[in-house]
Amino acid sequence: MNRLVDLDIESIAAGGDGVARTDGLVVFVPRTAPGDRATVRIAAGGRFARGRLESIVRPGASRVPPPCVHYVDDRCGGCQLQHMSYDGQLAAKATIIRDSIQRIGKRRIDLPPIRPSPRQWRYRRKLTLAMRRAAHGEWVAGLHPFDAPERIFDLVDCPITDERVLSVWREIRNAAEWLPNVAELRGAVRVPAGGEVDGTSFLLEGATRWSTSDRFFDAVPSVGALWWRPEGQSRRRLHARATVAAGRQSAGEGNAGAGDAEIPDALRSDASSADASFAQVNAEVASELRTYVAGRALALHPATVIDAYAGSGDTSVLLAAAGVQVTAIELDRDGAARGAARLVAPSRMIHGRVEEALPALLPADVVILNPPRAGVDEAVTGVLSGPSGNPRAIIYVSCNPSTLARDISRLPRYTIASLVAFDMFPQTAHVETVCELIREEG
């Protein structure tokens with residue numbers, strides 16, 4: 001049975017929901033802030049409940065009016081914290097990290113420092129939208145309400161996204177007649193930090209046939225490269241402006257031999273295109289984080305470093321330039337190709353799964369881990385803790401405090417030497433954390 005209760009919001013949970021308690025029940029309430037007194041509709045039962053905010057009785061100190069109309073009117077699920085001041089967001093994220101490390105990782109730490117983003121708005125260089133045909137055949141392109149993931153609302157603006165990205169999306173919508181004739185698609189626009197057309201890409205996902213892709217490409221002049229991932233298949237590049245094609249050829253010619261033993265010819269051919277997948281959405285914070293990680297590694301004076309989940313090799317390149325022998329590992333074929341083209345022997349890039357490649361590459365002085373949100377495979381922490389692993393230090397870059405904490409718990413011989421967070425994604429509950437783990441002696 002649903003009931004209305006007035007609750008005091010105590011904190012923010014990892015996904016961005018406010019947390020309150022009533023009669024032994026923990027209630028998670030989206031769009032609330034610490035200090036709010038809120039009227040919430042909840043369904044009784046169990047130890048946990050999800051509540052729906054009905055009204056704010058008394059706002060907390062960090063509550064602010066959200067500036068995005070979609071956040072308010074469409075209950076957009078792309079952001080979770082627009083209703084909180086930026087200082088409030090940073091404090092909430094620091095608490096999420098600390099609580100995860102203590103509760104899951106079983107390590108006691110203080111609130112970690114969190115480095116703010118230079119821009120809290122218009123920082124995203126990539127925007128992915130769901131696309132669905134409406135009743136009369138026109139396309140709706142937008143995001144999902146957080147409480148109705150099956151729905152799509154038509155996006156007009158996204159205040160955290162670079163205006164250049166939105167401009168490209170307007171071109172795409174105007175060229176919609178040349179999209180595949182299917183009911184649903186998904187598209188992603190990415191622009192480079194400098195905004196050159198050469199580096200602007202559009203990736204379309206879905207459908208099995210696209211006979212009008214050339215007409216579509218002609219109708220979107222701001223897109224430098226058109227990619228397509230047909231249903232159930234790998235992505236492929238269909239079209240590119242002449243300058244992109246020329247850059248691709250010169251990139252391959254200028255780095256012949258780099259990483260050849262590890263990367264097949266089929267991978268090297270796409271080396272200059274990997275940025276379609278691997279450019280970070282917040283360029284300024286990504287650069288700061290990368291420099292920090294390389295600096296922490298170099299402070300340990302390593303001769304050898306393994307850079308696992310290396311993407312297109314940005315951190316590996318920094319370390320190799322400083323004289324370190326780096327072995328990078330990346331599963332994505334385009335990222336691995338890009339990294340192979342940038343690294344010079346004795347450094348190298350290996351295309352494969354980290355859990356499969358890592359055992360044969362150890363020992364190493366330092367191992368950098370930068371996995372996806374799911375964290376590392378248990379086999380990775382197992383080999384790092386075993387006699388054949390045992391690096392002096394592990395630098396773990398995480399976008400998920402919960403899986404970071406879990407993986408730390410699997411490394412009992414390592415102590416936390418430093419932990420710093422970077423606010424890569426303002427207005428959302430996501431945060432990047434860099435945890436430096438040092439091997440205990442004896």
Side-chain angles (χ1 to χ4, degrees), residues 105 258-264 267 274 277-278 290 293-294 296-298 300-320 322 324-340 342-400 403-417 432-440:
D260 286 358
E262 310 299 338
I263 304 296
L267 296 187
S277 297
F278 283 93
R290 187 164 52 246
V293 169
R296 295 310 304 172
L298 292 173
L300 297 164
H301 306 291
T304 56
V305 171
I306 294 174
D307 184 9
Y309 315 92
S312 56
D314 289 339
T315 303
S316 299
V317 168
L318 288 179
L319 294 173
V324 179
Q325 180 178 325
V326 184
T327 303
I329 312 169
E330 174 53 46
L331 177 61
D332 183 273
R333 66 189 300 274
D334 295 330
R338 171 73 168 165
R342 301 167 71 195
L343 290 172
V344 178
S347 293
R348 56 179 177 157
M349 170 69 80
I350 290 177
H351 173 231
R353 297 184 181 278
V354 171
E355 58 269 26
E356 295 172 358
L358 184 61
L361 302 176
L362 292 166
D365 295 326
V366 175
V367 173
I368 298 172
L369 302 174
N370 190 359
R373 289 189 60 78
V376 304
D377 189 283
E378 191 169 4
V380 173
T381 50
V383 73
L384 289 175
S385 296
S388 63
N390 216 21
R392 284 195 284 122
I394 300 169
I395 300 175
Y396 194 132
V397 185
S398 170
C399 59
N400 186 337
T403 54
L404 169 63
R406 179 204 66 198
D407 293 339
I408 289 174
S409 74
R410 295 172 175 172
L411 295 164
R413 294 188 58 194
Y414 287 82
T415 60
I416 297 176
E432 295 277 334
T433 309
V434 180
C435 181
E436 181 184 1
L437 297 158
I438 300 296
R439 184 185 67 210
E440 295 178 349

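Because the structure is predicted, anything quoted here is derived from the model rather than measured. Numbers here simply count residues along the sequence, with the first being 1.
- Contact annotation: the side chain of Y396 approaches that of V376 to within less than 4.5 Å [non-hydrogen atoms, C-beta and beyond].
- Inter-residue side-chain proximity for P391 and L384 is flagged as met; some heavy-atom pair is nearer than 4.5 Å.
- When side chains are defined from C-beta on, L361 counts as touching R348, because their heavy atoms get closer than 4.5 Å.
- Using a cut-off of 4.0 Å between Lys/Arg side-chain N and Asp/Glu carboxylate O, R342 and D314 are scored as salt-bridged.
- Considering L300, I306, V324, L319 in turn, L300 is the only one that fulfils the side-chain contact (heavy atoms from CB on, under 4.5 Å) rule with V366.
- One distance of note links SG of C399 with CG of N370; it measures 7.5 Å at 0.5 Å rounding.
- Between L331 and V354 there is no side-chain heavy-atom pair separated by less than 4.5 Å.
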If you apply the rule side-chain hydrogen bond (donor to acceptor under 3.5 Å, both in side chains), what do you find for D307 with S316, and how did you get there?
CA-CA 6 Å; D307 184 9; S316 299; 2.6 Å; yes
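- For D365 (side chain) and T304 (main-chain N/O), a donor-acceptor pair under 3.5 Å exists by modelled atom type.
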Quick one, V397 with E432, criterion side-chain contact (heavy atoms from CB on, under 4.5 Å). Give me CA distance, side-chain angles, the key distance, then yes/no.
CA-CA 7 Å; V397 185; E432 295 277 334; 3.8 Å; yes
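- Side-chain atoms of T403 come within 3.5 Å of backbone atoms of R373 as a donor-acceptor pair (strictly under, hydrogens ignored).
- Residues T381 and D407 have side chains that never bring a donor and an acceptor to within less than 3.5 angstrom of each other.
- Summarising the geometry, atom SG belonging to C435 is positioned 4.5 Å from atom CD1 belonging to I416; distances are rounded to the nearest 0.5 Å.
- At least one side-chain heavy atom of V367 sits under 4.5 Å from a side-chain heavy atom of L362.
- Counted within 6.0 Å of CZ on R353, heavy atoms from surrounding residues, nucleotides or ligands total 12 or fewer; the atom is thus considered open.
- Not a single donor-acceptor pair under 3.5 Å links the side chain of R392 to the backbone N or O of I438.
- Taking a cutoff of 4.0 Å between a charged side-chain nitrogen and a carboxylate oxygen, R296 and E436 qualify as a salt bridge.
- At least one donor-acceptor pair under 3.5 Å links the side chain of E330 to the backbone N or O of G311.
- Here the shortest heavy-atom pairing between A336 and M349 reads O-CG, 3.3 Å.
- Checking side-chain atoms of S409 against main-chain N and O of R406 turns up a donor-acceptor pair under 3.5 Å.
- Taking the side chain as every heavy atom from C-beta outward, R290 and L318 approach each other to under 4.5 Å.
- In terms of heavy atoms, D377 sits closest to Y309 at N-OH, 4.1 Å.
- Proximity of I395 to L369: side-chain heavy atoms (C-beta onward) are nowhere separated by under 4.5 Å.
- Side-chain atoms of D332 and H351, non-hydrogen and from C-beta on, never get closer than 4.5 Å to each other.
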Verify side-chain contact (heavy atoms from CB on, under 4.5 Å) between V383 and S385, making sure each step is shown before the conclusion.
CA-CA 5 Å; V383 73; S385 296; over 6 Å; no
